[in-house]
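Reading through the structure tokens given below for one structure.
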Amino acid sequence: MLRYLPLLLVAAGAAGTATAAAVLSAGWWWAAGPLLALTGLGCRDLAQRRDAVLRGRPLTGRLRRGRGRAVVRERSGDVDVYAEGHEFLVPSLRPVEPPEEAPVVRVGGPDCRQPYDMALLNVSAMSFGALSPRAVLALNEGARLGRFAQDTGEGGLSEHHLRGGGDLIWEIGTGYFGCRTGDGGFDAREFADKAALPEVKCVCLKLSQGAAPGGGGVLPGVKVSAGVARERGVPVGGTVVSPPCHRVFSTPRELVLFLARLRELAGGKPVGFKLCVGSRRDVLAVCRAMLAEGVAPDFVVVDGAEGGTGAAPVESAGRLGMPLTEGLITVHNALVGSGLRDRVRIGASGRVATGPDIVRRLVQGADYTNAARAMMLALGCAEARRCHTGACPAGITTQDPLRARALHVGEGSLRVQRYQRATVRSAVRVMASMGVPDPAGLTPAHLVRRTGPATLRSYAELYAWLEPGELLAGPPASWARDWDAADPDAFGRPAPRGDAEVFGRGR
Ligand SMILES: Cc1cc2nc3c(=O)[nH]c(=O)nc-3n(C[C@H](O)[C@H](O)[C@H](O)COP(=O)(O)O)c2cc1C
């Protein structure tokens, strides 16, 4: 209620001074006039639908909005093209016409019976609990309108995910929320029932995420409302800490067999996993397990260490796990080198917000991208950085119904749809200006980095790119030790060597 106090005070002042003007002296109109105008402005803020912050904080939200605009202006300022590390995509002197229809990516390997056509940009995993019911629904309706997918996040498949009719990627985390036995294990029957829902297009097993790799998801108690508690089967108001690792598998081989089991239980829908890459050896161990068992997931989502979270502020953010660039290149190369790339699609998440961001990630090895925080901005996020407190002024990361009221579902879903469409269109136009009509034409030579005051290097030069099946035929020296040490029956320790040898062209 405190958020409405300034408006209430102004309205009370306006009423008092207007009464004084009518009863005592006309001089009071000097005070009543501005107060009445402010009251009118506050009422307009409260009634409008376009700006979630103003709806949640009539009058005072204007101050925050001013700050937000300053931040946006700062960010869209000039890029320093001479700064070391600056990257640019390579335009062509023979650009092509952008295609009418944005390309989609078919997800579904040979063992999949219900492949899914994934958009180039989708809503990244954000759970009901981290997000308000309205935010979940608005993202879902946006996904339906724009024909892209929403990842449910690890908090389960809630009624809010199912109300909008949008396509869903159902994420299963270590807490198995939504398909959880009484003792916290995996409930196969409940999983199969829910996976059969027509809205569920794919299933994603979360191994880790960039904001907190090696730790289970955390939902602060302040956000565990009755609805969230019901969905997850946990007590109201208690902080929910998911276990750090899965109970149903402990080796790469068991992981791939579990993925195959999930796919069967899901009626042959595409199944994949999400991770923030730690060591290359572990990724190779999973590839070895796929080869040994003759089964592969349909997709892998790579999250960068730069990833976000709706939970407590995380000290480890950006300090544990590979940034998205190296994570993507590792997974892409490992799959190419193992001869598995044809059957496994790669999604990428980590600060994807613009068309060029999408194209950059496609060049680095992704087939499609997901965005979490950019979608929140499209919904009306004011970057108050209070997601973990449940006191979001824009109604997005709160479970307080009064605060959630700031977000208008219809407006929010339209903004999300328009944002996704404009961003994918921008990616398609950028590719066309590079002379590439669709993502298959992109190569590592299309992305260049400034490495010094007078040196520019393309990704083709900067990184080693394996040939299909090269690891099987005879790995290059820089991969041989990890490939030989990768064990399908054990996640291992990382190799004691530096990045230059691991990623560079020392082959
Ligand atoms: C509010 C919020 C909630 C999130 N919840 C989950 C989750 O439940 N499961 C998950 O795998 N990732 C979760 N993430 C991580 C995102 O899906 C994404 O991987 C990460 O934020 C990087 O994408 P971005 O830079 O576009 O935000 C969450 C992120 C945010 C901001």
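Since the model is a prediction, treat every value here as computed from it, not as a measurement. All ligand and atom numbering here is 1-based and tracks the order in the structure.
- In summary, the side chains of Ser413 and Gln417 do not present any donor paired with an acceptor at a separation below 3.5 Å, with no hydrogens or angles considered.
- Of the listed residues (Asp117, Asp298, Asp367), just one forms a side chain to side chain donor-acceptor pair (under 3.5 Å) with Arg106, and that residue is Asp117.
- Within the listing of ligand 1, atoms 7 (C), 8 (O), 9 (N), 10 (C), 11 (O) sit less than 4.0 angstrom from a heavy atom of Glu171.
- Within a 6.0 Å radius of CZ in Arg449, other residues, nucleotides and ligands contribute more than 12 heavy atoms.
- Summarising the contacts of atom 22 (C) of ligand 1 with Leu131, Leu219, Asp303, the nearest heavy atom is found in Asp303.
- For the pair Glu154 and ligand 1, the shortest N or O to N or O distance falls below 3.5 Å.
- At least one test fails for Arg345 against the ring of Phe299: distance under 6.0 Å to the centre or angle within 45° of the axis.
- Geometrically, ligand 1 and Glu306 share no nitrogen or oxygen pair separated by less than 3.5 Å.
- Polar contact with ligand 1: present for Ala125 (N/O pair, distance under 3.5 Å).
- With salt bridges taken as basic N to acidic carboxylate O contacts below 4.0 Å, one links Arg263 and Asp111.
- Close N/O approach between Met376 and ligand 1 is not found [any backbone or side-chain N/O within under 3.5 Å].
- Remark: Arg351 does not engage Glu306 in a salt bridge, criterion side-chain N to carboxylate O under 4.0 Å.
- Distance alone, capped at 3.5 Å, is enough to place a donor-acceptor pair between the Asp303 side chain and the Gly210 backbone.
- Near Arg351, with a cut-off below 4.0 Å to any heavy atom, the atoms of ligand 1 are 24 (P), 25 (O), 26 (O).
- At a heavy-atom cutoff of 4.0 Å, ligand 1 is contacted by the side chain of Lys274 but not by its backbone.
- Here Lys206 has side-chain heavy atoms under 4.0 Å from ligand 1, and that is the only part of it that gets that close.
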Practice item. Kindly determine whether His446 and Tyr459 satisfy side-chain hydrogen bond (donor to acceptor under 3.5 Å, both in side chains), including the steps that lead there. Key: CA-CA 8 Å; His446 279 115; Tyr459 267 58; over 6 Å; no
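- A heavy-atom separation below 4.0 Å is found between Gly350 and ligand 1.
- Annotation: Thr397 places no N or O atom under 3.5 Å from an N or O atom of ligand 1; distance criterion only.
- Less than 4.0 angstrom separates some heavy atom of Ser124 from each of these atoms of ligand 1: 16 (C), 17 (O), 18 (C), 19 (O).
- Heavy atoms of Ala371 come nearer than 4.0 angstrom to ligand 1 in at least one pair.
- Contact atoms of ligand 1 toward Arg373: 24 (P), 25 (O), 26 (O), 27 (O), 31 (C) (distance under 4.0 Å to a heavy atom of the residue).
- Checking side-chain atoms of Thr174 against main-chain N and O of Cys245 turns up no donor-acceptor pair under 3.5 Å.
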